[in-house]
Amino acid sequence: MERRHKSGKKRIWGILSMVSGVVLCGALLVPWVMRPENFREQKDALRVFLSQMVQEEPYTEDFYHAQSLLVVDRGRDEVFISKKAEEPQLPASLAKLFVVEYASSVADLDSIVSACPGAIALTKPGSSVAGIEPREYFLRNLLAAMLVPSGNDAAYVVADYCGGILSPQSGTVQERVHAFMDGLNAHLQENGYQGTVLYDPSGFDADARTTVSDLSAVVDCLLEYEWFRDIVAQSTYTAVLPDGSTQMWRNTNAFLNVSSEHYNQRVTGIKTGSLGDDYNLVVLYEQYGREFLICSLGSSSNGSRYDDVAYIIRTIEESDYLAG
C-alpha cells in the first residue's frame with residue numbers, strides 16, 4: 001500500500017514538473033517569437049488573413065491599410081489621394097532617402113570612401129545589410145547600397161565619412177556619426193521638413209518620425225538627379241568599385257522584381273522600409289506620359305502595403321479624369 005502511495009506521488013510530481021517545464025518554455029519562447037525579426041513572414045501572412053476577414057470593403061478611404069498615404073500626380077502637381085499626410089509616422093528605412101539627399105550635398109559622388117570597420121560594426125543585429133566590407137568604395141556605390149538592398153551597414157559608413165567632413169576634429173566613429181546626424185536634422189529644418197526628425201542614419205530607430213508629405217518633398221528633390229533615378233529603377237544593381245571590382249545588390253522593391261506577383265513594368269522605383277510592425281513603401285509610377293508618386297507609411301504587413309499601392313495603381317489606370 002505504501003509503495004503504491006509513493007508511486008502515485010512520483011506520478012503527480014512528474015506531471016507537475018512537465019507542466020512547469022511547458023509553462024517555463026512558453027514564458028521564454030513567447031517574447032522571442034514576438035520580437036519583430038522572428039517569424040516575420042508567418043506574422044505577415046496571419047495579419048493579411050485577419051485583415052481580409054474583418055474588412056469587407058478594404059479600399060474605401062478609411063480602410064487603406066496604411067496609416068498615412070499621399071499620391072501626387074507630378075505631371076499636374078496635384079494631390080490625387082491624401083490620408084493623414086501631416087501625421088508623424090515611423091520612417092524605418094525610408095529615413096535613408098533623407099540621408100542620401102543630405103550626404104550628396106556634403107560630398108561628391110565620386111569621392112573615394114574607406115569603409116571603417118567601426119562604422120560597419122554599428123549595424124544592429126536583424127537589420128538589412130549590403131555586405132559592405134572594410135575596403136574602398138565610391139560614395140555613389142554606398143548610396144546605391146542604401147537605396148537598393150537598403151543596407152544599414154552602408155548608411156553608417158556614409159554617416160561616418162560625411163561626419164568627418166562636417167566635423168574634422170571628431171576623433172571617433174560615434175562622434176562623426178553624431179556630427180552627421182546633427183547636420184542632417186539642421187538641414188531638414190532649414191529645408192522645410194518640419195515633420196521629420198531622425199536619430200540614426202539607417203532608420204533602425206523607433207523614435208524617428210516623418211510624414212508622407214515630407215517624403216514626397218525629399219523624393220521630388222532626389223528625382224532631379226539622373227543618378228538617383230538610375231539607381232532606384234533597377235531590380236538588380238551592379239556597382240563598380242574604385243579598384244575595378246564589382247558588387248551586385250538586389251532591390252527590395254517587389255514591384256521591380258519580374259518573378260514577383262507584384263511586378264509592374266510601369267513602376268520605376270523607389271524604396272521600401274520596415275521596422276517592427278510598420279511597413280512603408282514609396283513608389284514612382286508612370287502612366288499617361290506622367291509620373292505618379294505614391295508614399296505609404298504604417299501598413300501592418302508586407303502584403304498590405306503592396307495591396308494598397310497595387311489598388312492605387314489600378315485606380316489611376318481606370319481614371320477617366322487622369323487619362324484626359
Side-chain angles (χ1 to χ4, degrees), residues 35-37 88-191 193-210 214 218 239 241-242 247 249 252 271 273-276 278 280:
R35 288 174 61 183
E37 64 269 26
Q89 304 290 347
L90 189 68
S93 280
L94 294 186
K96 294 184 179 78
L97 293 169
F98 297 100
V99 172
V100 166
E101 192 267 333
Y102 180 55
S104 66
S105 72
V106 172
D108 189 272
L109 296 185
D110 292 322
S111 301
I112 296 179
V113 181
S114 294
C116 172
I120 297 171
L122 293 176
T123 309
K124 299 178 180 66
S127 61
S128 55
V129 296
I132 300 302
E133 300 174 352
R135 59 185 300 187
E136 289 187 339
Y137 293 85
F138 290 118
L139 180 60
R140 70 171 65 248
N141 299 153
L142 294 168
L143 299 186
M146 292 170 62
L147 292 167
V148 178
S150 199
N152 288 9
D153 46 358
Y156 291 114
V157 172
V158 168
D160 175 53
Y161 174 73
C162 292
I165 295 174
L166 295 168
S167 178
Q169 71 276 12
S170 296
T172 67
V173 170
Q174 287 79 5
E175 288 174 347
R176 291 190 291 271
V177 172
H178 185 74
F180 177 80
M181 296 308 298
D182 282 347
L184 171 60
N185 281 299
H187 171 79
L188 295 175
Q189 293 303 304
E190 290 167 5
N191 287 274
Y193 302 108
Q194 299 300 320
T196 302
V197 58
L198 306 173
Y199 303 102
D200 186 290
S202 74
F204 200 101
D205 174 26
D207 294 322
R209 290 292 178 268
T210 194
D214 282 359
V218 74
L241 279 55
Q247 195 165 349
W249 298 296
T252 58
K271 192 169 184 344
S274 61
L275 183 62
D278 287 279
N280 307 329

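Here the OG atom belonging to Ser128 is positioned 10.0 Å from the CG atom belonging to Leu275, to the nearest 0.5 angstrom. Distance check: Phe204 CZ to Ser93 OG gives 9.0 Å after rounding to the nearest 0.5 Å. Annotation: the span from Leu241 atom CG to Glu133 atom CD amounts to 9.0 Å, rounded to 0.5 Å. Between atom CG of residue Leu122 and atom CG of residue Asp200 there is a gap of 8.5 Å, rounded to the nearest 0.5 Å. Taking CD of Gln189 as the reference point, atom CD of Gln194 lies at 4.5 Å (rounded to 0.5 Å). Between atom CD of residue Glu175 and atom OG1 of residue Thr172 there is a gap of 3.5 Å, rounded to the nearest 0.5 Å.
When all heavy atoms of Leu198 and Ala95 are compared, the closest pair comes out as CD2-CB, 3.8 Å. Considering every non-hydrogen atom in both Phe98 and Leu188, the closest pair reads CD2-CD2, 3.6 Å. Summarising the geometry of Ala103 relative to Leu143, their closest heavy-atom pair is CB-CD2, 4.4 Å, with the distance given to 0.1 Å. Considering every non-hydrogen atom in both Gln247 and Ile132, the closest pair reads NE2-N, 4.4 Å. The heavy-atom pair separating Gly163 from Ala179 by the smallest distance is O-CB, 4.1 Å. The shortest heavy-atom contact between Leu139 and Asp108 is CD2-O, 3.4 Å.
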Quiz prompt | From CA spacing to verdict: side chain to side chain donor-acceptor pair (under 3.5 Å), Lys96, Ser150 | solution = CA-CA 8 Å; Lys96 294 184 179 78; Ser150 199; 3.2 Å; yes
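Using modelled atom types, one finds no donor on one side chain facing an acceptor on the other under 3.5 Å when comparing Thr123 with Tyr156. In the model, Thr196 has a side-chain atom that pairs as donor or acceptor with a side-chain atom of Asp214 under 3.5 Å. For the residue pair Tyr199 / Asn185, no side-chain donor-acceptor distance below 3.5 Å is found, with atom types taken as modelled.
Counting heavy atoms from C-beta on, the side chains of Val177 and Pro201 come closer than 4.5 Å. In this structure, the side chains of Val100 and Met146 come closer than 4.5 Å at one or more pairs of heavy atoms. Ile112 has its side chain within reach of Phe138: a pair of non-hydrogen atoms, C-beta onward, lies under 4.5 Å apart. Considering only heavy atoms from C-beta on, Asn141 comes within 4.5 Å of Pro242 through its side chain.
Here the side chain of Arg209 pairs a donor or acceptor atom with the backbone of Ala206 at under 3.5 angstrom. Of the possible donor and acceptor atoms, none in the side chain of Ser167 sits under 3.5 Å from a partner among the backbone N and O of Gly164. Put simply, the side chain of Asn280 gets close to the backbone of Leu90: a donor and an acceptor are under 3.5 Å apart. Checking side-chain atoms of Trp249 against main-chain N and O of Ala130 turns up a donor-acceptor pair under 3.5 Å. Checked by atom type and distance alone, the side chain of Asp153 pairs as donor or acceptor with a backbone atom of Gly131 at under 3.5 Å.
The side chain to side chain contact (heavy atoms under 4.5 Å, CB included) check on His178 picks up Asp182, with sequence neighbours excluded.
In this structure, the ring of Phe180 has its center no less than 6.0 angstrom from the ring center of Tyr161.
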